[in-house]
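So the structure is just underneath, and the comments pick up after that.
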Amino acid sequence: MDFKLTEEHLMIRDAARDFAKSELLPGVIERDEKQEFPKEQIKKMGELGFLGMMVSPEYGGGGMDTVSYVLAMEEISKIDASASVVMSVNNSLVCWGLEKFGNEEQKQKYLTKLATGEALGAFCLSEPEAGSDATSQKTTAIEKDDHYVLNGTKNWITNGGTADYYLVIAQTHPEKKHKGINAFIVEKGWKGFEIGPKEQKLGIRGSDTHSLNFNDVKVPKENRIGEDGFGFKFAMKTLSGGRIGIAAQALGIAAGAYELAREYSKVRKAFGTEIMNHQAIAFKLADMHTSIEAARHLVMKAACDKDNGENYDLSGAMAKLFASQTAMDVTVEAVQVHGGNGYVKEYHVERLMRDAKITQIYEGTSEIQKIVISRSILRD
Ligand SMILES: Cc1cc2nc3c(=O)[nH]c(=O)nc-3n(C[C@H](O)[C@H](O)[C@H](O)COP(=O)(O)OP(=O)(O)OC[C@H]3O[C@@H](n4cnc5c(N)ncnc54)[C@H](O)[C@@H]3O)c2cc1C
């Protein structure tokens, strides 16, 4: 077992770290306050190859492994989790799903633009009555001549207003239940496709979350992904990898908060000494560091499983469950280490604490991860 990163991995991590510090840190507080999408920054991330990291160079991607992707996700998330969720959705849900399961025409037409950042993607599974229970899809896609007619509402869609292409999951054959579900590529601007108002959120406020309405939207048959009825499997397979990205996001949020708390403890004085010299603070930092390191090992294990062609359903779920809990625990403690300063915006940790919560909710709540994990360990 070799715990060492390669030179290439270290270069990617450093490039992401530099980008986050130079391009994302300035203005991150204001974007959070105004719920402003980091448009220019995301454009630059596309130009630097952060939006299609794992896509084959044949389609304009970086051809990198999952380890590289999680290293970059961690660094971006330390500074700006709103930018990193855009990166995560585009890389591990949209691009990965299209490259793995799309046909050649779909890849040429859509993936080449998504991988370079020329276009942005969204992944549309959740509905008002279908969140954790994704089988209960109410959005319908009914076959008619050379197209499908799409009707329904999707909820909580990341990149909802800013995306160009949307992967939409919908029910075609309700009698077949989840085996009747399909996945489609839908373009922004198609007749009957409306973007609902932007959600007002607790955290990741710079990201762009909307509901979407489909009213008799005509989707050409060639935009269905995979065989008829493949949509539910498509969504589950894609989310399984997506969870590794969100686990890395949670890890980054935790690590970012920890680093700020550690540095603060070296300069803030109370009772005539730096607060790091109070054991209560030093022990908090020891606990934070230990749980972050444990989370990092789980994230890396899941990424390595994916890169090695092993099944990563279990390791990805464990990584997300543990890293998201770590993000919550560590950010709360980071605020505590900062005292009153932790409660105001300019010290960043209050934002990281708000951002941490979403990692326990999207791409499968913590309760759903426990279902995945328990089923997996009890099946063997
Ligand atoms: C900011 C944000 C961005 C998002 N981005 C996207 C996106 O891009 N695309 C997309 O498709 N979705 C997205 N989502 C939706 C997200 O994935 C869902 O909110 C999530 O899956 C939970 O679904 P729900 O909100 O309907 O909660 P529910 O399913 O109603 O769950 C409510 C509670 O019940 C628990 N629960 C439900 N079923 C069980 C069970 N069987 N056993 C134990 N506990 C259970 C849940 O864990 C949770 O605690 C986003 C959500 C948010 C808030």
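Read the numbers this way: they start at 1 and go in the same order the structure lists the ligands and their atoms.
Ligand-side atoms of ligand 1 in range of Phe123: 7 (C), 8 (O), 9 (N), 10 (C), 11 (O), range being under 4.0 angstrom from any heavy atom. Heavy-atom contacts of Thr365 reach the following atoms of ligand 1: 22 (C), 46 (C), 47 (O) (cutoff under 4.0 Å).
Residue Trp156 has at least one N or O atom closer than 3.5 Å to an N or O atom of ligand 1.
The nearest non-hydrogen atom to atom 44 (N) of ligand 1, considering only Glu367, Gln360, Glu127, comes from Glu367. For atom 53 (C) of ligand 1, the nearest non-hydrogen atom from the set Ile371, Thr158, Ile361, Ile358 comes from Ile358. When the heavy atoms of Lys201, Glu363, Glu199 are ranked by distance to atom 1 (C) of ligand 1, first place goes to Lys201. Comparing Ser132, Ser88, Ser366, Ala122 against atom 31 (O) of ligand 1, the shortest heavy-atom distance belongs to Ser132. Selection from Ala163, Gly131, Ser82, Gly121 by nearest heavy atom to atom 23 (O) of ligand 1 gives Gly131.
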Problem set entry | From CA spacing to verdict: ring-ring contact (aromatic ring centres under 6.0 Å, His included), His297, Phe3 | CA-CA 9 Å; His297 279 78; Phe3 284 101; 5.2 Å; yes

For this session: Determine, step by step, whether His173 and Asn182 satisfy the side-chain hydrogen bond (donor to acceptor under 3.5 Å, both in side chains) criterion, reporting the C-alpha distance in whole Å, the side-chain angles of both residues, the deciding distance to 0.1 Å, and the verdict.
Result: CA-CA 9 Å; His173 313 284; Asn182 276 310; 4.8 Å; no

Problem set entry | Audit row: Gln249, Ser84, side-chain hydrogen bond (donor to acceptor under 3.5 Å, both in side chains) steps and yes/no | CA-CA 7 Å; Gln249 180 188 44; Ser84 75; 3.1 Å; yes

Problem set entry | Check against side-chain hydrogen bond (donor to acceptor under 3.5 Å, both in side chains), Asn151 and Thr140 | CA-CA 5 Å; Asn151 275 293; Thr140 52; 4.9 Å; no

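Donor-acceptor pairing under 3.5 Å is lacking for the side chains of Thr326 and Asp329.
There is no protein heavy atom less than 4.0 angstrom from atom 35 (C) of ligand 1. Within a 4.0 Å radius of atom 17 (O) of ligand 1, the protein contributes one or more non-hydrogen atoms.
Relative orientation of the Phe193 and Phe214 rings is parallel, given thresholds of 30° and 60° on the angle between their planes.
In terms of protein heavy-atom proximity, atom 15 (C) of ligand 1 is closest to Ser126 OG, 3.2 Å. The protein atom (non-hydrogen) at minimum distance from atom 39 (C) of ligand 1 is Ile368 CD1, 4.2 Å.
In this structure, the side chain of Thr331 engages the main chain of Ala327 through a donor-acceptor pair within 3.5 Å. Lys154 contributes no side-chain N or O that, together with a main-chain N or O of His210, makes up a donor-acceptor pair within less than 3.5 Å.
Ser376 has its side chain out of reach of Asp313: every pair of non-hydrogen atoms, C-beta onward, lies at least 4.5 Å apart.
The closest approach between any non-hydrogen atom of Ile157 and ligand 1 is below 4.0 Å.
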